Participant: 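My questions will all concern the structure given below.
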Amino acid sequence: MSVMLQEVNDDNMTSKNKLLSRQLLDWYDAHARVLPWRAKPGETADPYRVWMSEIMLQQTTVATVGRYFLAFTSRWPSVADLARAELDDVLREWAGLGYYARARNLHACAKAVVADHGGRFPDTEQELLSLPGVGPYTAAAIAAIAFDRSAAAVDGNVERVISRLSAIETPLPGAKTEIRARTLELVPAQRPGDFAQALMDLGATLCIPKRPNCLICPWMTACRARELGVAEALPVKAPKKQRPVRNARIFWAERADGAVLMRRREEKGLLGGMLEFPSSGWATGKEKADLAPPYASGWVTTKKQIEHTFTHFHLVLDLQQTDEVFDDLPAHDGDWRWVARHQLATEALPTAMKKVAVAMLGSDVFRRV
DNA sequence: TACGCGTGGAC
DNA sequence: TGTCCAAGCGT
């Protein structure tokens, strides 16, 4: 079935497109990067590892993903292992990688693969698309890389490469449809998975955002943007909005044994399911902000301040503390707990909260022994 | 369609 | 040093 479709696709390819595909695959054979999740020549790709890497790589650099990928695949070698894990353990292991909905969806997806697909990843783009956390790019990438399906995996790299190759000057995201169509024209019947990876490698190493290395690019002579001298100006992107500032107070409390008071955030939304130190609301604008503590105590300022920039706002946290030494949890709503200092390093703390802990306790608390 | 959603590296 | 931005997805 898929072979027939691929042959049709191959017949429909122009000789010019076939040449481009071959040039890129030749370049890939000579320059492919060695990455932990990538099958070596002759090896069969493991769908579980391909999926895991693709989720982690969403909006995240290869260098950052490396150690997380090794930690996850060591601890949970198969999708069945991951499906059996506790969500809290997954979130702890994900802490620091960001976009925590990915971790929740990763866990939900593993469960779905076990419950609905007998523990094997589906091998079509359409079925993959129905899994939690798997969108159009990731479905195409897994279909191509893990199952050798003819699919156009269009990520930020591919958008850049293709918009330059064809000198597409329509601003993103409006140009997505056109870029996808142009990419599909280039996907070869043979080695679609290698082609997908080659396209992304090209974007990551040569066809980079600033100062692209056109002189050693396998597509140098075909690239319309280079011909027109506009490669670095593409792709055109819609202007970004500036980030507002939000202000809040953190209320630092300790128990007699030195444990610190923390609470679990709501399951959904910003930092969903992660731990935080009790705080006021995170309001926009210093004047309007309600900076009241979540419970009464003798709060005084520490004169310490933490700043952290998220995707869509900048956060300024004033750190307050109390002399009160607690025996039990103060009156509260939600999931609050005392966390021993030596446990902080292995808890699901987002980076902003790690900064708070470091300001109060010193950087030694995150030195894993 | 547009927005909410993290982080660390490169420059 | 601030800005940009990376293998996007869900709503």
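Chain letters run A, B, ... following the sequence lines, proteins first and then strands; every chain starts at 1. What you see is a predicted model; the values in this text were computed from it and never measured.
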Participant: Can you tell me the distance, in whole Å, between the CZ atom of A:Arg102 and the C1' atom of C:dA6?
Facilitator: 10 Å

Participant: Find the distance A:Glu266:CD to B:dC5:P and express it as a whole number of Å.
Facilitator: 13 Å

Participant: Residues of residues 53-77 of chain A with any non-hydrogen atom less than 4.0 angstrom from an atom of DNA chain B: list those, numerically ordered, please.
Facilitator: A:Gln59, A:Thr60

Participant: Taking for each residue the nucleotide of DNA chain C with the nearest heavy atom, is it A:Leu131 or A:Arg160 whose nucleotide lies nearer the 5' end?
Facilitator: A:Arg160

Participant: If you assign A:Arg243 and A:Pro173 each to the DNA chain B nucleotide with the nearest heavy atom, which residue ends up on the more 5' nucleotide?
Facilitator: A:Pro173

Participant: Using the P atom as the reference point in each nucleotide, state the distance between B:dG6 and C:dT11 in Å, no decimals.
Facilitator: 14 Å

Participant: Identify the two heavy atoms, one from A:Phe121 and one from A:Leu128, that lie closest to each other, and give their separation to 0.1 Å.
Facilitator: CD2-CD2, 4.5 Å

Participant: Go through the structure and list residues passing side-chain contact (heavy atoms from CB on, under 4.5 Å) with A:Ala71, not counting sequence neighbours.
Facilitator: A:Glu93

Participant: Send over the distance from A:Glu267 CD to B:dC5 C1', rounded to a whole Å.
Facilitator: 15 Å

Participant: Cluster question for you: counting only ILVMFWY and a side-chain heavy-atom cut-off of under 4.5 Å, with indirect links fine, are A:Val158 and A:Leu234 together?
Facilitator: no

Participant: Let me spell it out: for each of A:Gly174 and A:Arg246, pick the nucleotide of DNA chain B with the closest heavy atom. Which residue's pick is nearer the 5' end?
Facilitator: A:Gly174

Participant: Quick one: on DNA chain C, does A:Leu35 or A:Pro132 contact a more 5' nucleotide (nearest heavy atom)?
Facilitator: A:Leu35

Participant: Counting side-chain heavy atoms from CB outward, which of B:dT7, C:dA6, B:dG6 is closest to A:Thr351?
Facilitator: B:dT7

Participant: Ignoring backbone atoms, establish whether A:Tyr100 has a side-chain N or O less than 4.0 Å from OP1 or OP2 of B:dT7.
Facilitator: yes

Participant: Look at the side-chain N and O atoms of A:His312 and state whether any lies under 4.0 Å from the OP1 or OP2 oxygen of B:dC5.
Facilitator: yes

Participant: Holding to salt bridge (charged side-chain N to carboxylate O under 4.0 Å, His left out), I want the full list of residues that pass it with A:Arg226, two or more places apart in sequence or in another chain.
Facilitator: none

Participant: Regarding A:Glu54 and A:Tyr137, is there a side-chain donor-to-acceptor distance under 3.5 Å anywhere?
Facilitator: yes

Participant: Which residues within residues 20-34 of chain A lie with some heavy atom under 4.0 Å of an atom in DNA chain C?
Facilitator: A:Arg33

Participant: Run the side-chain contact (heavy atoms from CB on, under 4.5 Å) test against A:Glu232 and tell me which residues pass, sequence neighbours left out.
Facilitator: A:Lys210, A:Arg211, A:Pro212

Participant: Indicate whether OP1 or OP2 belonging to C:dA6 is found under 4.0 Å from a side-chain N or O atom of A:Lys237.
Facilitator: yes

Participant: Mind calculating the distance between CG (A:Leu270) and P (B:dG4) to the nearest angstrom?
Facilitator: 11 Å

Participant: A:Asp201: which residues meet the salt bridge (charged side-chain N to carboxylate O under 4.0 Å, His left out) condition with it, sequence neighbours left out?
Facilitator: A:Arg33, A:Arg38

Participant: Of the options B:dC5, C:dG10, B:dT7, whose atoms approach the side-chain atoms of A:Asn105 most closely?
Facilitator: C:dG10

Participant: Output the rounded distance in Å from CD (A:Gln242) to P (C:dT3).
Facilitator: 9 Å

Participant: In whole angstrom, what separates A:Leu349's CG from B:dT7's C1'?
Facilitator: 15 Å

Participant: Rounding to an integer number of Å, can you tell me how far A:Leu172 CG sits from B:dA2 P?
Facilitator: 12 Å

Participant: Between A:Glu232 (CD) and C:dC4 (P), how many Å, whole number?
Facilitator: 15 Å

Participant: Which part of the nucleic acid, if any, lies within contact of A:Ile208, taking any heavy atom under 4.0 Å across all strands shown: a base, the sugar-phosphate backbone alone, or nothing?
Facilitator: nothing

Participant: I want to verify a distance call: between B:dC3, C:dC9, C:dA6, whose nearest atom is closest to the A:Tyr137 side chain?
Facilitator: C:dC9

Participant: Compare the minimum distances between each of C:dG8, B:dC5, B:dG6 and the side chain of A:Thr138, then state the nucleotide with the smallest one.
Facilitator: C:dG8

Participant: Base, sugar-phosphate or nothing for A:Trp37? Non-hydrogen atoms, less than 4.0 Å.
Facilitator: base

Participant: Please name all residues satisfying side-chain contact (heavy atoms from CB on, under 4.5 Å) with A:Asp327, sequence neighbours left out, ordered by chain then number.
Facilitator: none

Participant: Quick one: label A:Lys240 by what it contacts on the DNA or RNA (base, sugar-phosphate, nothing), any heavy atom closer than 4.0 Å.
Facilitator: sugar-phosphate

Participant: Heavy atoms only, 4.0 Å cut-off, all strands: where does A:Gly96 land among base, sugar-phosphate and nothing?
Facilitator: sugar-phosphate

Participant: So which pairs with a foot in residues 333-342 of chain A pass side-chain hydrogen bond (donor to acceptor under 3.5 Å, both in side chains), sequence neighbours left out?
Facilitator: A:Glu254-A:Arg341, A:Asp335-A:Arg337

Participant: For the atom pair CG (A:Asn105) and OH (A:Tyr99), what is the distance rounded to the nearest 0.5 Å?
Facilitator: 14.0 Å

Participant: With sequence neighbours left out, write down each residue that passes salt bridge (charged side-chain N to carboxylate O under 4.0 Å, His left out) with A:Glu227, or none if nothing qualifies.
Facilitator: A:Arg224

